[in-house]
Amino acid sequence: MSAWPSAKPPPRPKQAPDGLRVKDICRLLNTGTDHTHTESLRAKLKRMVARGVLTEPEPGLFILPRPGHDA
């Protein structure tokens, strides 16, 4: 039996065409937007960029790579 039987997942945001900033992602995840939370998330996002999961077209702007485009 699930610990959250009636819990629904949060609505999934659509891909922002220009990408998202760290504070925007913190707000979507409903975490704090203070320095501790943003820097922790920024480090995680940077690791995702290094692994090819995300791209960072300009400093601090994160997007999902588009299929068929080189990152």
Side-chain angles (χ1 to χ4, degrees):
M1 184 177 206
S2 173
W4 304 98
S6 63
K8 293 181 183 177
R12 185 175 180 188
K14 294 182 179 180
Q15 171 74 19
D18 297 330
L20 292 171
R21 302 263 176 213
V22 175
K23 282 195 177 187
D24 296 329
I25 298 170
C26 283
R27 288 184 193 104
L28 285 171
L29 296 174
N30 203 22
T31 62
T33 57
D34 61 325
H35 182 74
T36 304
H37 290 110
T38 57
E39 289 306 311
S40 173
L41 181 60
R42 186 181 324 277
K44 292 173 186 173
L45 294 170
K46 293 280 189 177
R47 282 194 300 266
M48 293 174 79
V49 169
R51 294 176 182 159
V53 176
L54 295 175
T55 59
E56 189 178 15
E58 63 183 64
L61 186 67
F62 298 93
I63 62 172
L64 290 170
R66 293 190 176 125
H69 289 79
D70 290 332

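Since the structure is predicted, the reported quantities are computational estimates derived from the model, not experimental observations.
Of all heavy-atom pairs spanning Gly52 and Pro65, the tightest one is O-CG, 4.0 Å. Residues Gly32 and His37 share a closest heavy-atom pair of O-CB, 3.1 Å. The minimum heavy-atom distance linking Lys23 with Thr38 is given by the pair CG-CG2, 3.8 Å. Heavy-atom minimum distance, Leu45 versus Leu54: CD2-CD1, 3.5 Å.
Remark: Asn30 CG is loosely packed, at most 12 non-hydrogen atoms of other residues, nucleotides or ligands lying under 6.0 Å away.
Glu56 pairs in a salt bridge (Lys or Arg N to Asp or Glu O under 4.0 Å) with only one of the listed residues (Arg47, Arg42, Lys46), which is Lys46.
Leu61 and Val53 sit in two unconnected hydrophobic clusters of ILVMFWY residues. Membership requires side-chain heavy atoms under 4.5 Å apart, directly or through other members.
Distance CE/Met48 to CG/Leu41: 9.0 Å, rounded to 0.5 Å. Residue Leu29 holds its CG atom at 11.0 Å from CG of Asp24, rounded to the nearest 0.5 Å.
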